[in-house]
Amino acid sequence: MSQRWTHRPEGSNWGDFGADDQLGRLNLLTREKVLQGVAEVKEGRAFCLSLPLDYPGGNLLSPGRHPPELRAAMRDGQPFMNFPLSHRDPHFTDVVCDDMVLIHLQYSSQWDSLAHMGSLFDADGDGEAEMVFYNGYRAGEHVKGPNEEAGPGALSLGIETMAETSVQGRGVMVDLHAHFGRAREQVGYDSLMRVMETDSVTVESGDMLCLHTGFGAMLLELERNPDWDSLHNSCSVLDGHDERLLEWITDSGIATICTDNFAVEEYPKVGEELSLDRQQAAYPIHEHCLFKLGLPLAELWHLTELA
């Protein structure tokens with residue numbers, strides 16, 4: 001066993017996929033799961049599951065994340081957009097466009113990598129909590145801050161380890177919007193099971209769970225000019241404080257959770273006073289999935305047409 005930790009969090013799968021595993025539940029996306037998904041294709045239709053990268057617009061949804069900045073690339077001190085190469089040689093007929101973008105990677109449709117959220121946890125067993133991530137990878141050593149050598153960035157658990165797998169398998173849709181509309185519904189275990197039973201949805205180990213809430217479609221309707229109430233009080237979210245829901249995520253064996261809402265779960269709103277009687281995660285589903293299970297989360301997808 002790796003020397004990164006001497007004991008693992010309760011309910012976690014650290015070490016189950018190997019001492020140095022960085023994929024977590026993505027290991028369940030086997031060739032058999034890919035073939036199972038392919039075998040269920042009936043119509044051969046394709047769907048873009050990404051919102052435009054400049055949605056939702058503004059920064060009311062997440063104050064630290066701002067819309068992308070698009071600009072022309074520069075060449076020889078000049079903007080390289082609609083640039084006739086005849087400026088360099090009158091014999092050339094080419095007109096060239098070349099641009100660049102500065103983007104907050106979690107502004108619009110996104111995956112949360114396993115380096116996105118860790119926890120303060122006593123992985124050494126010495127009574128002192130450390131900043132650690134899935135499978136015991138350490139802040140400051142494997143996930144670097146801006147003031148650390150070779151930082152900032154994830155030397156382990158980065159999104160590239162996920163991308164290299166291609167993340168393909170069998171997707172299963174649970175259409176929460178069909179049952180709750182755009183009401184702010186906190187969906188716990190009982191509600192989720194009731195929806196799945198009503199719609200005859202079966203989830204198997206290795207499946208990629210997709211939750212359609214209608215939030216992505218609402219963002220498109222707001223046309224990059226969203227209001228606070230719509231952003232923070234609309235559409236279904238998972239109830240991360242429901243222990244039975246967390247247990248089901250573990251026991252179901254799902255490989256990912258993909259949603260069209262923000263944060264997957266209900267989240268502490270800016271300025272909101274919390275009444276806590278113990279130390280706990282502000283985002284319990286993030287902690288349970290990213291930190292304990294190595295289960296990637298997808299947010300702000302566009303699932304309405306697929307649903």
Side-chain angles (χ1 to χ4, degrees), residues 47-71 99-113 116-117 159 173-188 191-192 195 209-242 245 256-276 280-287 289-290 296-307:
F47 297 87
C48 177
L49 303 185
S50 176
L51 294 172
L53 294 183
D54 57 353
Y55 274 71
N59 69 330
L60 289 178
L61 185 58
S62 182
R65 299 169 183 168
H66 299 269
E69 299 177 21
L70 180 66
R71 63 188 69 159
D99 53 8
M100 58 180 290
V101 63
L102 173 65
I103 187 170
H104 288 70
L105 295 178
Q106 291 189 296
Y107 183 76
S108 186
S109 299
Q110 62 186 266
W111 278 106
D112 284 351
S113 82
H116 173 51
M117 192 166 291
I159 198 70
M173 176 71 72
V174 176
D175 195 349
L176 299 175
H177 179 265
H179 293 262
F180 304 116
R182 290 185 178 174
R184 187 68 167 194
E185 182 76 16
Q186 291 199 41
V187 178
S191 297
L192 182 63
V195 168
L209 179 66
C210 299
L211 301 176
H212 173 236
T213 73
F215 192 81
M218 181 191 71
L219 292 182
L220 290 176
E221 293 172 10
L222 294 173
E223 296 183 330
R224 295 187 297 276
N225 189 31
D227 60 278
W228 176 270
D229 187 62
S230 295
L231 291 176
H232 297 281
N233 295 305
S234 300
C235 301
S236 300
V237 291
L238 293 184
D239 181 3
H241 297 285
D242 186 337
L245 178 60
T256 69
I257 299 178
C258 311
T259 69
D260 62 348
N261 65 14
F262 174 68
V264 180
E265 59 187 315
E266 186 63 281
Y267 52 90
K269 297 178 177 63
V270 175
E272 182 180 50
E273 292 187 6
L274 302 179
S275 178
L276 304 177
Q280 57 185 283
Y283 296 83
I285 286 181
H286 279 65
E287 180 191 56
C289 293
L290 299 176
L297 302 174
E299 304 173 18
L300 292 175
W301 281 21
H302 181 37
L303 296 177
T304 296
E305 292 180 4
L306 177 62

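Model, not experiment: these values are computed from the prediction.
Of the residues N261, I257, V264, the one that meets the side chain to side chain contact (heavy atoms under 4.5 Å, CB included) test with E299 is V264.
Residues F215 and L61 share a closest heavy-atom pair of CZ-CD1, 4.3 Å. Residues G188 and D242 come closest through the heavy atom pair CA-OD2, 3.4 Å. The shortest heavy-atom contact between A307 and D175 is CB-OD2, 4.0 Å. Nearest heavy-atom pair, I159 versus S113, reported as atom, atom and distance to 0.1 Å: CD1-CB, 3.7 Å. Nearest heavy atom pair, residue S234 against residue D229, reads OG-O, 4.0 Å. The two atoms that bring Y267 and H232 nearest to each other are OH-ND1, 2.8 Å, heavy atoms only.
In this structure the side chain of L297 never reaches within 4.5 angstrom of the side chain of H116, judged on heavy atoms. Using a 4.5 Å heavy-atom threshold, the side chains of F262 and L231 count as separate. Side chains of D239 and E266 form no contact here, defined as non-hydrogen atoms less than 4.5 Å apart. Within the 4.5 Å cutoff, side-chain heavy atoms of V187 are placed close to those of F180. Looking at heavy atoms from C-beta onward, M218 lies in side-chain contact with S230 at the 4.5 angstrom threshold. Looking at D227 and L60, their side chains never come closer than 4.5 Å, going by heavy atoms from C-beta outward. Within the 4.5 Å cutoff, side-chain heavy atoms of L306 are placed close to those of M173. Side-chain contact between L300 and Q106: absent, with no pair of heavy atoms (C-beta onward) separated by less than 4.5 Å.
When atom types are taken as modelled, the side chain of R182 and the backbone of C235 share no donor-acceptor pair closer than 3.5 angstrom. Distance alone, capped at 3.5 Å, is enough to place a donor-acceptor pair between the S108 side chain and the P52 backbone. With T259 contributing its side chain and W301 its backbone, the two residues share no donor-acceptor pair below 3.5 Å. Checked by atom type and distance alone, the side chain of E265 pairs as donor or acceptor with a backbone atom of I285 at under 3.5 Å. No donor-acceptor pair closer than 3.5 Å links the side chain of N59 to the backbone N or O of R65. Although no hydrogens or angles enter the test, the distance criterion places no donor-acceptor pair under 3.5 Å between the side chain of D54 and the main chain of P67.
Interatomic distance, Q186 CD to S191 OG, rounded to the nearest 0.5 Å: 10.0 Å. L176 CG to E185 CD: the interatomic distance, rounded to the nearest 0.5 Å, is 9.0 Å. For the atom pair CG of L303 and CG of L211, the computed distance is 8.5 Å after rounding to the nearest 0.5 Å. To the nearest 0.5 Å, atoms NE2 (H302) and OG (S109) are separated by 9.0 Å. Going from atom CG of L53 over to atom CD1 of I103 covers 4.5 Å, rounded to the nearest 0.5 Å. Interatomic distance, C210 SG to L49 CG, rounded to the nearest 0.5 Å: 7.5 Å.
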Hey, mind stepping through D260 and H177 against side chain to side chain contact (heavy atoms under 4.5 Å, CB included) and telling me if it holds? CA-CA 11 Å; D260 62 348; H177 179 265; over 6 Å; no
Test side chain to side chain contact (heavy atoms under 4.5 Å, CB included) applied to W111 and T256, step by step: CA-CA 10 Å; W111 278 106; T256 69; 3.9 Å; yes
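In this model, a donor atom of one side chain and an acceptor atom of the other lie less than 3.5 Å apart for H212 and T304.
Within 6.0 Å of the CD atom in E305, the count of heavy atoms belonging to other residues, nucleotides or ligands does not exceed 12.
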